[in-house]
J.: 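Take a look at this one; I'll ask things after.
The sequence lines fix the lettering, A, B, ..., with proteins before strands; numbering per chain opens at 1. Fair warning: this is a prediction, and the values are worked out from it, not measured in the lab.
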Amino acid sequence: MTLPLFEDAESGQPWREALCPGAVVLHNFATAAGATLLTTLHDIARQAPFRHMITPGGFRMSVAMTNCGSCGWLSDRTGYRYAATDPESGKPWPPLPEAYLKLARAAAASAGFPDFEPDACLINRYAPGARLSLHQDKDERDFTQPIVSVSLGLPAVFLFGGLRRNDKAARVLLTHGAVVVWGGPARLRYHGILSLKAGYHPLVGEQRINLTFRKAI
DNA sequence: TAGTCCCG
DNA sequence: CCTA
């Protein structure tokens, strides 16, 4: 339950970094589970391929996305929303694997959110140069449920801002296995990812994968 | 006419 | 620029 506290990011040992009330980074929390998560990811991506969605403004997102779970996050010209089916195939999104659910619940509980029941997992793939500018996650119904974000592969700089877009954002390096959990007073904080720097990760290759768990409905 | 998770 |  209580995670050991280590100050050495390179040790492979878990350690926690508090960002603000309601938000914490659990470094190396998912490092051991990484290989299993990625094997399962290949099955999901075969059923629901990664695609570059279009924002309501008509712009192509640099991050490639897919989903698993009973609903998935979508963006197109008409706006942002959750939907039970993949518009590319008309079929339901692949189910949320039990291993994903267990990891998300464990991370949430470790961060002080013991009753997290995610129904959506957005899967983001960052190639070098891909980024996500500052935004809020506010398409979900219940803001008492936290956000759980799992990083795999290449490291990326996470921006964690305030409740207004112009609030100064903290910068946190998220390496393979890091899990960020934010909820409560931090639930609607702006966040984003800086342009991914090229590199090679032994397990994931030349990319970064992010799994974002949410209770959408 | 507000919102906009784009790029510069 | 769109659309809601």
J.: Establish, for the pair A/Arg125 and A/Phe50, whether the NZ or CZ atom is under 6.0 angstrom from the six-membered ring centre and no further than 45 degrees off its axis.
T.: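 Yes, a cation-pi geometry.
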J.: CZ of A/Arg165 versus P of B/dA2: gap in Å, rounded?
T.: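 Interatomic distance, CZ of A/Arg165 to P of B/dA2: 16 Å.
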J.: Would you mind reading off the distance between A/Arg214 atom CZ and B/dC5 atom P, rounded to a whole angstrom?
T.: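 Value for this atom pair: 13 Å.
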J.: Write down the distance between CG (A/Leu122) and C1' (B/dC5), rounded to a whole number of angstrom.
T.: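 That distance rounds to 10 Å.
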J.: Round to a whole Å and report the spacing from CG of A/Leu134 to P of B/dG3.
T.: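 It is 17 Å, rounded to the nearest whole Å.
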J.: Walk me through whether A/Leu174 and A/Arg208 qualify under side chain to side chain contact (heavy atoms under 4.5 Å, CB included).
T.: CA-CA 10 Å; A/Leu174 299 181; A/Arg208 169 176 186 263; 3.9 Å; yes
J.: Rounded to the nearest Å, what distance is computed from the CG atom of residue A/Leu196 to the P atom of nucleotide B/dC7?
T.: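 Between P of B/dC7 and CG of A/Leu196: 14 Å.
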J.: Between the side chains of A/Arg51 and A/Asp86, is the shortest nitrogen-to-carboxylate-oxygen separation below 4.0 Å, so that they form an ion pair?
T.: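 So A/Asp86 pairs with A/Arg51 through a salt bridge.
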J.: Is the backbone N or O of A/Leu188 less than 3.5 Å from a side-chain atom of A/Gln136, with the two atoms forming a donor-acceptor pair by type?
T.: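 Looks like yes, one N/O pair under 3.5 Å.
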J.: Considering all heavy atoms of both residues, which atom of A/Phe116 and which atom of A/Phe213 are nearest to each other, and what is their separation?
T.: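 The pair with the smallest heavy-atom distance is CZ-O, 3.6 Å.
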J.: Do A/Asp76 side-chain and C/dC2 base share a donor-acceptor contact under 3.5 Å?
T.: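 In this structure, the two groups form no donor-acceptor pair.
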J.: Which dot-bracket notation, 5' to 3', represents the base pairing of DNA chain C when pairs are defined as Watson-Crick or G-U with both distances under 3.5 Å, crossing pairs as [ ], and inter-strand pairs as |?
T.: .|||
J.: Kindly confirm whether the side-chain ring of A/Phe59 is stacked on the base of C/dC1, judged by centres under 5.5 Å and planes under 30°.
T.: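 So no, this residue does not stack on that base, at least one cut-off failing.
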J.: Side chain of A/Lys138: nearest nucleotide among B/dT4, B/dC7, B/dC5?
T.: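 The answer is B/dT4.
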J.: So A/Asp139, base contact, sugar-phosphate only, or nothing? Heavy-atom distance under 4.0 Å.
T.: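 Answer is base: heavy atoms of A/Asp139 come under 4.0 Å of a base.
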J.: Taking all non-hydrogen atoms of both residues, which atom of A/Ala30 and which atom of A/Val179 are closest, and how far apart?
T.: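 That closest heavy-atom pairing would be CB-CG2, 4.1 Å.
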J.: Mind checking if A/Gly58 touches a base, just sugar-phosphate, or nothing, with heavy atoms under 4.0 Å?
T.: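 Result for A/Gly58 = nothing.
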J.: Rounded off to whole Å, could you give me the CH2-to-P distance for the A/Trp73 and B/dC5 pair?
T.: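 After rounding, the reported distance stands at 9 Å.
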J.: Taking only N and O in the side chain of A/Arg60, is any of them less than 4.0 Å away from OP1 or OP2 of B/dC7?
T.: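 For B/dC7, OP1/OP2 do not have a side-chain N/O of A/Arg60 under 4.0 Å.
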J.: In whole Å, what is the span from the NE2 atom of A/His191 to the P atom of B/dC5?
T.: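 Roughly 11 Å, once rounded to whole Å.
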J.: Given B/dG8, C/dT3, B/dC5, identify the nucleotide with an atom nearest to the side chain of A/Thr78.
T.: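 In terms of side-chain proximity for A/Thr78, the closest of B/dG8, C/dT3, B/dC5 is C/dT3.
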J.: Whole-Å distance between B/dC5 P and A/Glu140 CD?
T.: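 Checked: the CD to P distance equals 14 Å.
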J.: Heavy-atom count around A/Arg77 CZ within 6.0 Å, excluding the residue itself: above 12?
T.: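 Count not over threshold, so no.
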J.: Base, sugar-phosphate alone, or nothing: which one does A/Arg81 contact when heavy atoms must sit under 4.0 Å apart?
T.: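 Nothing: the residue A/Arg81, judged by heavy atoms under 4.0 Å, touches no strand.
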